[in-house]
**Student:** 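If you scroll down you'll find the structure; I have some questions about it.
What you see below is based on every heavy atom in this structure, not just the backbone, and it leaves out hydrogens, waters and symmetry mates. The residues of the chain are indexed from 1 along the displayed sequence.
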Amino acid sequence: MSVDIADLVRTRTLHPEAVTEAAGRRTRRPLIDATGRLMIVAADHPARGALGVGDRKFAMANRVDLLERLCLALSRPGVDGVLATADILDDLLLLGALDGKVVLGSMNRGGLQGASFELDDRFTGHRPEDIERLGFDAGKLLLRIDYDDPGSLTTLESTARAIDDMAARRLPVFVEPFISRRNGDGRLGNDLSAEAVTKSIAIASGLGGTSAYTWLKVPVTENPDDMAEVMATSTLPAVLLGGEVGEDQDGAYEKWRGALQLPTVRGLVVGRSLLYPADGDVAAAVDTAVGLL
């Protein structure tokens, strides 16, 4: 699909109600279809100021280019839906790209990449009432826990209340937990050891007054052979996150392939590595990922 930015801006300028109207017309589907699997394309990175892919510092900064990549990915067989912030989902609604797709609203983006307050990750995106009002299908939130940063406690408590609010509306929420820490330069990193991922799953699973509507969004551990034991930490349904895989796309596929066989793992949520693959072929990258399911 070729995106006409002039037409999008004209609609936003003259008829802002078109977003809500498009949401009301959107054809919905169950979160999980007959396959029992889920393939979601993620594009909520820009709202956190995370625009880079590999050595391309502003790869995701061109909105029309991003929208065209998303529309292509969503058109591929086996792709169930998209995870994004309101600005991107509003554009996709206006483009008619979300009919029959699962739509996940991204809830907390306040922990801006590289900021001193990165771990005080405020809920600056979709609220539960927004997700309900627009007829979206689920929400997603990021939970990074640094034992040395008090900001993590604020995020932890806010996450629990968001889980409660989503459950009260019978809306699923995908929680993406990490044990994180800063290196000597102050840069924040996520610990993907088996021990850290196990702890993060245990902590996330226990948040809120009920876990009935909670899903987990988890990384593959540094050693993929550890995933079976790690995923035994919880009975909550889970999806694997893709993250940034660099040049070794085939290696990432193999890691995902093994973890997808585990009983609690129901699918994939992958963003930059599919939308901006090293060889530039979005359709091929998406089709390969779908084939792993």
Side-chain angles (χ1 to χ4, degrees), residues 28-44 73-74 76-84 98 100-107 131 136-143 159 162-163 166-167 169-178 192 194 197-198 200-208 210-221 224-243 245 252-275 285-293:
R28 297 186 64 178
R29 50 151 280 183
L31 179 67
I32 298 292
D33 63 14
T35 67
R37 310 294 266 176
L38 197 59
M39 176 68 207
I40 300 293
V41 178
D44 59 342
L74 286 166
R76 304 304 298 173
V79 174
D80 294 292
V82 63
L83 157 66
L98 299 181
K101 298 297 182 181
V102 172
V103 181
L104 279 65
S106 187
M107 302 175 73
I131 294 170
F136 293 161
D137 304 291
K140 171 261 178 179
L141 57 87
L142 177 63
L143 174 62
T159 294
I163 290 171
M166 291 291 282
R169 293 169 169 81
R170 298 185 179 183
L171 286 168
V173 58
F174 289 69
V175 180
E176 181 179 350
F178 291 101
L192 300 185
V197 178
T198 296
S200 71
I201 289 174
I203 293 166
S205 297
L207 292 175
T210 178
S211 62
Y213 295 91
T214 305
W215 284 59
L216 299 173
K217 182 171 178 273
V218 298
V220 177
T221 48
D225 293 339
D226 292 329
M227 281 298 286
E229 185 174 358
V230 167
M231 295 308 297
T233 307
S234 175
T235 59
L236 299 184
V239 291
L240 303 177
L241 64 92
V245 300
Y253 290 143
E254 285 308 306
K255 289 181 179 180
W256 298 341
R257 189 191 310 277
L260 283 166
Q261 307 309 310
L262 299 173
T264 59
V265 179
R266 312 308 303 165
L268 283 167
V269 178
V270 187
R272 290 168 290 183
S273 59
L274 299 187
L275 294 172
V286 171
D287 292 349
T288 301
V290 169
L292 300 177
L293 301 175

**Student:** Roughly how far, to the nearest 0.5 Å, is CG of Leu260 from CZ of Arg37?
**Tutor:** 5.5 Å
**Student:** Test your reading of the model: is there a side-chain donor-acceptor pair from Arg266 to the backbone of Gly36, 3.5 Å cut-off?
**Tutor:** yes
**Student:** Is the shortest heavy-atom distance from the side chain of Val290 to the side chain of Arg76 under 4.5 Å?
**Tutor:** no
**Student:** Within the distance-only criterion (no hydrogens, no angle test), does the side chain of Lys101 pair as donor or acceptor with the backbone N or O of Leu74 below 3.5 angstrom?
**Tutor:** yes
**Student:** What heavy-atom pair brings Ala42 and Leu275 nearest, and what distance separates the two atoms?
**Tutor:** O-CD1, 3.6 Å
**Student:** Below 4.5 Å, heavy atoms only, C-beta onward: do Val265 and Val239 meet side chain to side chain?
**Tutor:** no
**Student:** I'd like to check Leu38 versus Phe174 (side-chain heavy atoms, cut-off strictly below 4.5 Å). Are they in contact?
**Tutor:** yes
**Student:** Identify which one of Thr264, Val218, Leu216 satisfies the side-chain contact (heavy atoms from CB on, under 4.5 Å) criterion when paired with Leu236.
**Tutor:** Leu216
**Student:** I'd like to know if the side chain of Arg272 reaches the main chain of Leu274, judged simply by a donor and an acceptor atom lying under 3.5 Å from each other, with no hydrogens or angles considered.
**Tutor:** no
**Student:** Taking the side chain as every heavy atom from C-beta outward, state whether Met231 and Ile201 have any pair of such atoms under 4.5 Å apart.
**Tutor:** yes
**Student:** Find the distance between OG1 (Thr221) and CG (Asp226) and round it off to the nearest 0.5 Å.
**Tutor:** 5.0 Å
**Student:** Which heavy atom in Ala259 sits nearest to a heavy atom in Val220, and how many Å separate them?
**Tutor:** CB-CG2, 4.3 Å
**Student:** Got Val197 and Met227 here, is their nearest side-chain heavy-atom distance under 4.5 Å?
**Tutor:** no
**Student:** Between OG1 of Thr210 and CE of Met166, what distance do you get to the nearest 0.5 Å?
**Tutor:** 13.0 Å
**Student:** Nearest 0.5 Å please: distance from the CG atom of Leu268 over to the CE atom of Met39.
**Tutor:** 5.5 Å
**Student:** Between the side chain of Tyr213 and the main-chain N/O of Ala138, is any donor-acceptor distance below 3.5 Å?
**Tutor:** no
**Student:** Roughly how far, to the nearest 0.5 Å, is CG of Leu207 from OG1 of Thr214?
**Tutor:** 8.0 Å
**Student:** I would like to know whether Thr198 and Glu229 meet side chain to side chain contact (heavy atoms under 4.5 Å, CB included); could you show each step before the answer?
**Tutor:** CA-CA 9 Å; Thr198 296; Glu229 185 174 358; over 6 Å; no
**Student:** Quick check: do Asp137 and Arg28 have side-chain heavy atoms less than 4.5 Å from each other?
**Tutor:** yes
**Student:** If you define the side chain from C-beta out and look only at heavy atoms, does anything of Leu241 sit under 4.5 Å from Phe178?
**Tutor:** yes
**Student:** With heavy-atom distances below 4.5 Å as the criterion, would you say the side chains of Val269 and Lys140 are in contact?
**Tutor:** no
**Student:** Starting at OG1 of Thr159, measure out to CG of Leu143 and round the result to the nearest 0.5 Å.
**Tutor:** 4.5 Å
**Student:** Under a 3.5 Å distance rule, please check whether Thr233 uses its side chain to pair with a backbone N or O of Val230 as donor and acceptor.
**Tutor:** yes
